[in-house]
Amino acid sequence: MKKINRRRFIESSVLAGAGITLLGKDSLAVEKPLYSNKSERPVVITTWDRGHEPNIKAWEILSKGGSSLDAVETGVRVAEDDPNNMSVGYGGLPDETGVVTLDASIMDWRGRAGAVGYIQNIRNPISVARKVMEKTRHIMLAGEGAKQFAIDNGFKTENLLTEASLKRWNQIKEKSKDTNFRLPNDGHDTITMLAIDEDGNISGACTTSGLAWKIHGRVGDSPIIGAGLYVDNEVGAAGGTGIGEAIWRSVASFLIVEKMREGMFPQEACEFAVRRVIKVSDKYLSTDGQAAFIALNKNGETGAYSVRTGFDYMLTKNGETKGIKAGYELK
Ligand code: SD4
């Protein structure tokens, strides 16, 4: 850990002990401490509060001394299997041609990474991404090749388009008639999960059906290491959700981890990234576009922040899972 990091952690210990939170470079405020003063682990943090089940499943593994890698894979698979989550896996909303295409990435504490982009007919792309990471010399497989790789590794193929997502897609089609660039902000549920295990090892997973009504062939930020997800076990991890093009332009997850390396707390780093994303996003975040981030550091401290109101996340510590509303930048 660099000198500056150590100094900030020590400051946080002293201040949190006194009930004082360090909010920015120079500002202090007495309020509920945002940061713990000791290492807390295991910890699981997940984008969006759409039911606690993913975190609970991840916690089951972590509480038995399991690895953060197994925890994040198992946790996000719950969302992939859930037909009511229309942004992930089975039941995900299709692209403008009515085809469901999925993106996913995974990273572990050894710095290993795996991803799949534009994969079809496989409901658990996160597990395919893990296989890419563990069994190949590559990081990402896409499209037909990714699907074939999945089949060769025992994954079954199926139709991922449910009746409900087809119905929703038809409604979106109607709404999107006049927006040739992107659909109106139609809700996001992409799941990015970060976890630190008992041994202090950090992993992350991110999985999505991407933006509904995207152009056929589009790949978003979620499978792009550094954009939708990044893990560096010396420092921490970060992940995003929202308009992928805006997130990708800033390589925002990598940016957050690098800011934590320089000494920022997870919360500060998420806020920094949101401001950067707004600055460089150009047309991508116009009117109602959302981008949001979560982060976790080596002490088990967490942060979350979004461009606009509406973003929440799930945090599990000491076996307790809570849905929490995140702060946002554009008031
Ligand atoms: C994408 N970032 O494909 C994803 C979409 C998303 O919640 O996060 N939806 O751009």
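Whatever order the structure lists ligands and atoms in, that order sets their numbers, starting from 1. These values consider heavy atoms only, across backbone and side chains, with no hydrogens, waters or symmetry-generated copies.
When the options Leu69, Ile225, Ile202 are evaluated for a side chain to side chain contact (heavy atoms under 4.5 Å, CB included) with Met107, the one that passes is Ile225. Only one option out of Arg137, Arg130, Lys131 pairs with Glu134 in a salt bridge (Lys or Arg N to Asp or Glu O under 4.0 Å); it is Arg130.
For ligand 1, none of its N or O atoms has an N or O atom of Ser87 under 3.5 Å away. When only interatomic distances are considered, the shortest N/O to N/O separation between Thr241 and ligand 1 falls below 3.5 Å. Annotation: Ile243 places no N or O atom under 3.5 Å from an N or O atom of ligand 1; distance criterion only. An N or O contact shorter than 3.5 Å is missing between Glu245 and ligand 1 by distance.
Heavy atoms of Gly242 come nearer than 4.0 angstrom to ligand 1 in at least one pair.
Shown in contact with Arg218 at under 4.0 Å from a heavy atom are these atoms of ligand 1, numbered in order with element: 1 (C), 3 (O), 10 (O).
No side-chain donor-acceptor contact under 3.5 Å links Ser250 and Lys279. Side-chain N/O atoms of Thr101 and Gln120 include no donor and acceptor closer than 3.5 Å.
Looking at Asp103, Thr190, Thr207, it is Thr190 that brings a heavy atom closest to atom 6 (C) of ligand 1.
In this structure, CD1 on Ile45 lies 5.5 Å from OH on Tyr313, to the nearest 0.5 angstrom.
Within the structure, no pair that satisfies the salt bridge (Lys or Arg N to Asp or Glu O under 4.0 Å) test touches residues 88-98, not counting sequence neighbours.
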